[in-house]
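Within every chain, numbering begins at 1; the chains are lettered A, B, ... in the order of the sequence lines, protein sequences first and strands thereafter.
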There are 2 protein chains.
Amino acid sequence: MLKIALAQINLLVGGIQANQKKIIQTAEQARDSLDADLIVFPELTITGYPPEDLLLRPDFIKQANQSVLDIALAVKGIDIVLGFPEQGDDCLYNSAVVLRDGEILAQYRKSTLPNFGVFDEQRYFKSVNETQLFSVKGRSIGLTICEDIWEQGLVEKNKKAGADLILTLNASPFHAGKIHQREEIVCQQAKEVEIPLVYVNLIGGQDELVFDGASFVVDAQGEVVFRAEEFEEQLSVIEFEGNTPIKSSCSPLYNEISSEYKALVLGVRDYVYKNGFKGAILGLSGGIDSALVLAIAVDALGADQVEAVLMPSKYTQDMSNEDAILEAEALGVKHHTIAIEPAVTAFTGMLSDVFNDTKRDATEENIQARCRGVLLMAMSNKFGKLLLTTGNKSEMSVGYATLYGDMAGGFAPIKDVPKLLVYQLSEYRNTLSDVIPERVITRPPSAELAPDQVDEDSLPPYSVLDPILAMYVEQDKSAEEIQAAGYQLVDINRAISLVDRNEYKRRQAPPGIKITPRAFGRDRRYPIATGYKGVG
Amino acid sequence: MLKIALAQINLLVGGIQANQKKIIQTAEQARDSLDADLIVFPELTITGYPPEDLLLRPDFIKQANQSVLDIALAVKGIDIVLGFPEQGDDCLYNSAVVLRDGEILAQYRKSTLPNFGVFDEQRYFKSVNETQLFSVKGRSIGLTICEDIWEQGLVEKNKKAGADLILTLNASPFHAGKIHQREEIVCQQAKEVEIPLVYVNLIGGQDELVFDGASFVVDAQGEVVFRAEEFEEQLSVIEFEGNTPIKSSCSPLYNEISSEYKALVLGVRDYVYKNGFKGAILGLSGGIDSALVLAIAVDALGADQVEAVLMPSKYTQDMSNEDAILEAEALGVKHHTIAIEPAVTAFTGMLSDVFNDTKRDATEENIQARCRGVLLMAMSNKFGKLLLTTGNKSEMSVGYATLYGDMAGGFAPIKDVPKLLVYQLSEYRNTLSDVIPERVITRPPSAELAPDQVDEDSLPPYSVLDPILAMYVEQDKSAEEIQAAGYQLVDINRAISLVDRNEYKRRQAPPGIKITPRAFGRDRRYPIATGYKGVG
């Protein structure tokens with residue numbers, strides 16, 4: 001009987017000492033409590049993923065390589081398979097190493113280096129196209145790393161080289177639908193090549209990314225025989241009879257909306273704690289966006305770690321304040337109310353000379369939003385709480401947000417959540433417990449920066465805007481193609497020209513959690529100064 | 001006699017229509033006024049450089065490929081060599097094409113795709129390792145693109161394939177010393193392989209990058225026989241007798257400080273105009289940073305396009321206001337004075353309840369800086385002028401700046417200029433005409449956010465800080481190595497821990513002009529949440 005442990009753990013990017021300690025403890029636990037012969041860790045275990053330009057620092061690479069040797073000496077009696085940035089002659093490899101009783105038994109170097117979307121691996125690593133097998137209890141075991149198994153060829157090559165089963169070390173970030181897509185591809189490969197595969201994924205939030213775990217084992221017939229939980233740390237063991245993994249517990253594959261919600265919660269929790277903040281603070285407007293962010297923050301950090309601030313103006317309707325208070329109370333969150341009028345009045349007076357003879361425009365709306373930004377940042381600075389920004393992806397796309405105003409903050413949890421999905425996630429959260437008042441979901445959205453303002457004064461309805469944005473931003477469709485999909489050119493051109501014009505705002509936006517196939521941030525790299533116009 | 005024209009022109013990223021028009025006009029001028037047989041344009045002429053993720057848009061690629069055919073048909077009687085993103089089967093190439101009388105005569109695909117620093121070419125392009133020669137007036141001509149000639153091998157390969165001379169299309173961005181480095185490498189290659197080279201570089205600012213031009217021709221002995229101006233558009237022609245370029249005008253290689261200043265001026269000019277702003281606005285404090293930015297802005301845009309705002313507080317010394325006014329007057333710039341006290345008082349009052357029983361800390365300083373940010377952004381919004389941020393690289397490194405306060409703005413001209421270089425550039429600018437009062441250069445720098453505050457209260461002196469920062473940020477040196485270079489560990493650790501902790505601020509900073517080997521922005525990609533600590 002061969003027992004393989006899957007270490008689905010949360011690591012800290014750059015935290016070599018902390019990661020080393022966790023790797024050693026997890027390996028010892030697998031050996032002592034689970035009686036495992038072998039334990040598999042995620043990709044780049046030692047450094048966390050993605051370490052980005054820390055990989056260019058010789059001192060960092062030296063520490064990481066030393067750490068592998070330290071772990072080898074520290075844990076004996078179990079084979080350890082882990083990932084690290086291997087120092088080669090004048091280059092780095094994204095490597096997996098097998099440690100046995102103080103020695104390096106085998107070393108595999110990643111073949112397929114992703115350099116698209118959020119990935120920049122060709123910036124750092126050299127690719128090597130060679131299989132590397134090692135043997136445990138008479139089985140010959142092949143090694144692959146993440147992107148390797150998204151390409152055809154390497155699994156088969158391992159089989160031909162004599163592998164009885166294949167281990168895959170991964171740092172595969174979440175977006176909606178990714179978990180299913182990932183399993184499908186891996187199962188297809190296992191089935192075609194007729195070889196079992198052990199897939200270990202990272203979990204945890206790292207800046208814009210959330211790694212969702214959901215590690216699994218697939219047999220040579222392409223059937224999933226084990227699956228770990230999504231978004232949670234889990235140390236599991238799977239037994240092999242001959243080369244066949246024995247069917248074990250399979251955590252369910254949840255529906256998309258619940259996975260998305262979990263991703264947002266984990267993303268906020270890890271951003272707050274990995275950055276050493278004492279909880280979070282946010283502005284609560286009575287609108288749906290801040291209501292959802294409040295629920296996510298409380299689910300991530302606990303009600304006692306979150307504070308809400310109401311900052312009404314003369315344009316704020318009573319029901320907005322009422323609903324905001326209901327939200328805070330439903331979740332048991334401390335809340336403050338500070339009216340912004342004194343600061344708005346001060347600025348209006350200070351600018352009256354230079355603004356003499358000018359017409360009221362978006363400037364005056366921005367001043368209100370920026371007064372709120374100053375208040376929230378002051379409280380964040382004074383109390384060491386991270387300011388969460390509450391803007392959604394639809395707003396980020398079209399620039400319907402004030403730079404240094406409602407865009408102020410350290411982290412933007414729903415930055416990659418389109419408005420229609422904000423509604424769906426809010427309704428989903430209410431199915432768990434009632435926290436967002438019905439009226440917040442049903443009333444027309446408004447920025448409340450001018451009398452009787454609603455979003456639809458300036459934008460197409462979200463039921464039209466969101467699909468147009470998804471096609472333009474996430475799928476690179478042209479205006480013509482979007483029109484062919486059934487939308488009006490006037491709406492398409494309005495949306496596209498706003499997206500094109502507002503790259504400068506997005507460039508200064510706080511990071512947020514990627515949950516779609518293409519988020520703003522590292523995932524979408526656009527010039528600010530550009531003559532490109534996507535309008536049709 | 002063979003006449004080759006060098007088109008050192010300023011292109012607009014993504015502006016295919018505008019670029020096409022300019023390419024056609026320039027080619028016609030080379031044919032009609034310079035009697036050229038052949039004209040060479042910079043890398044990715046059609047799209048500008050770098051087009052970033054616009055390259056992922058099928059509609060954009062289609063337009064770019066169509067544009068090449070349109071140019072071929074539009075201009076006859078001269079060979080045109082230009083760059084464009086060539087659509088291949090399921091991939092893109094960074095290609096150079098030779099157009100002759102309506103036909104595509106030859107097509108070369110870039111071999112070495114840079115994927116380091118600011119470059120992400122492997123994100124988009126597939127590399128091809130094949131030479132491509134064409135023939136004009138009996139000479140066999142080889143083609144290379146930018147990074148190709150920084151690597152050994154391709155020049156020699158072209159010579160072996162029969163090339164008599166080599167054309168290089170470039171988009172090589174500026175940093176201090178780059179112009180010399182570039183010529184040295186190219187001349188070395190020409191000399192070793194004994195072949196003349198025609199090097200055409202882009203000019204112009206594009207977001208964080210400035211392309212400096214300085215196109216040149218080197219003969220088979222490795223001697224530069226022609227050089228175009230730095231930082232200016234220039235259409236030139238060089239004659240070849242046999243395979244030997246005839247010595248022509250060589251614009252000088254300027255010293256580093258003057259090249260840096262020109263880069264900053266061009267960077268500001270192009271960012272303002274390519275983004276369609278009506279001039280620029282900035283806060284003028286009486287300190288050296290804003291004084292230098294004002295001079296750069298005026299040199300870039302003209303005095304009538306720039307406005308300055310003085311925003312004194314109770315901590316502002318009289319001499320600061322006096323000097324700020326002297327600066328504005330010396331440059332003939334319109335200036336306003338708005339005291340920030342009313343807004344600061346308003347916020348202090350609004351926060352008095354929640355801040356009850358707390359001690360004064362950086363929060364109160366940040367409120368002042370943010371009141372200035374609100375005022376400047378209001379004026380920027382109202383008058384359509386780009387707000388220039390005045391922070392320098394030393395501040396950006398250690399986070400000695402207020403997010404949404406003095407960091408507010410659309411563009412940060414001296415973001416990559418360390419403080420000591422701010423002084424040198426100011427002194428250099430004063431050698432051209434006296435615009436920065438002597439006292440601004442000699443008085444100790446201060447943020448003036450608290451009584452009698454000076455920078456050295458919080459930071460090591462800049463003469464110590466700047467070299468430490470250069471070693472840590474630009475050269476990836478460890479604390480140990482910096483100590484070995486003669487600095488005190490206490491200063492090193494103070495500086496490094498501030499750099500490490502302030503990535504979150506830099507992530508929300510406006511773009512600025514790269515002038516060092518490694519700027520903040522696309523050039524340096526660090527995680528925010530990280531356990532890495534560089535301290536020794």
Max heavy-atom pair count under 4.5 Å with chain B, selected residue of A:Glu481, A:Arg370, A:Lys382: A:Lys382
Interface moiety of A:Tyr472 toward chain B, non-hydrogen atoms closer than 4.5 Å: both
Closest-packed option against chain A by number of heavy-atom pairs under 4.5 Å, given B:Met379, B:Glu208, B:Met377: B:Met377
Side chain / backbone / both / neither for B:Ala18 at chain A, heavy atoms under 4.5 Å: neither
Structural part of A:Tyr271 lying under 4.5 Å from a heavy atom of chain B: side chain
Under 4.5 Å from a heavy atom of chain B, the part of A:Asp523 involved: backbone
Which portion of B:Phe383 sits near chain A, non-hydrogen atoms under 4.5 angstrom: side chain
Considering all heavy atoms, the nearest A:Pro527-B:Leu54 contact: CG-CD1, 3.9 Å
Chain A interface, residue from B:Asp353, B:Ile338, B:Leu403 that has the most non-hydrogen pairs under 4.5 Å: B:Ile338
Side chain to side chain contact (heavy atoms under 4.5 Å, CB included) between B:Asn275 and A:Tyr504, worked out: CA-CA 10 Å; B:Asn275 283 301; A:Tyr504 76 100; over 6 Å; no
Chi angles and distances behind the side chain to side chain contact (heavy atoms under 4.5 Å, CB included) call for B:Ile528, A:Phe411: CA-CA 11 Å; B:Ile528 298 176; A:Phe411 201 56; over 6 Å; no
Candidate pair B:Arg525 and A:Arg123, rule side chain to side chain contact (heavy atoms under 4.5 Å, CB included), full reasoning: CA-CA 11 Å; B:Arg525 306 176 188 179; A:Arg123 182 175 172 88; 3.3 Å; yes
Atom group of B:Ile16 that falls short of 4.5 Å from chain A, counting heavy atoms: neither
Portion of A:Ala362 that has a non-hydrogen atom of chain B nearer than 4.5 angstrom: neither
Interface moiety of A:Arg360 toward chain B, non-hydrogen atoms closer than 4.5 Å: backbone
Atom CD of A:Gln475 with >12 non-hydrogen neighbours under 6.0 angstrom: yes
A:Ala479 versus chain B, the contacting section by heavy-atom distance below 4.5 Å: neither
B:Tyr404 and A:Tyr404 aromatic ring geometry - parallel, tilted or perpendicular at 30°/60° bounds: tilted
Heavy-atom closest pair, residues A:Gly410 and B:Gln508: CA-NE2, 4.2 Å
Worked check of side chain to side chain contact (heavy atoms under 4.5 Å, CB included) between A:Leu56 and B:Arg518: CA-CA 12 Å; A:Leu56 305 179; B:Arg518 186 183 288 161; 3.9 Å; yes
Distance (rounded to the nearest 0.5 Å) between A:Leu12 CG and B:Tyr532 OH: 13.5 Å
Identified side-chain contact (heavy atoms from CB on, under 4.5 Å) counterpart of A:Gln122 within the set B:Leu113, B:Asn115, B:Asp120: B:Asn115
Contact origin within B:Ala509 toward chain A - heavy atom pairs under 4.5 Å: backbone
Engaged part of A:Lys477 at the chain B interface, taking heavy atoms whose separation is under 4.5 Å: backbone
A:Pro51 portion near chain B, given a 4.5 angstrom heavy-atom threshold: backbone
Donor-acceptor under 3.5 Å (A:Ser478 side chain, B:Asp59 main chain): no
Which atoms of B:Asp361 approach chain A - backbone, side chain, both or neither, heavy atom under 4.5 Å: both
Distance-minimising heavy-atom pair for B:Leu375 and A:Met350: CD1-CE, 3.8 Å
Top contributor to chain A interface from B:Gly349, B:Gly534, B:Gly117 [non-hydrogen pairs under 4.5 Å]: B:Gly117
Side-chain donor or acceptor of B:Asn366 paired with backbone N/O of A:Asn381 under 3.5 Å: no
Exercise: identify the closest heavy-atom pair between A:Ala378 and B:Leu351: CB-CD1, 3.7 Å
Short N-O contact, A:Asp53 and B:Arg524, less than 4.0 angstrom: no
Backbone of A:Gly531 reached by a side-chain donor or acceptor of B:Lys274 within 3.5 Å: no
Top of A:Gly15, A:Pro50, A:Pro114 for chain B proximity - count of heavy-atom pairs under 4.5 angstrom: A:Gly15
Residue A:Lys62 versus chain B: region with a heavy atom under 4.5 Å: neither
Pick from B:Ser380, B:Gly276, B:Cys371, B:Gly405 with the largest number of heavy-atom pairs that fall under 4.5 Å of chain A: B:Cys371
Engaged part of A:Glu364 at the chain B interface, taking heavy atoms whose separation is under 4.5 Å: side chain
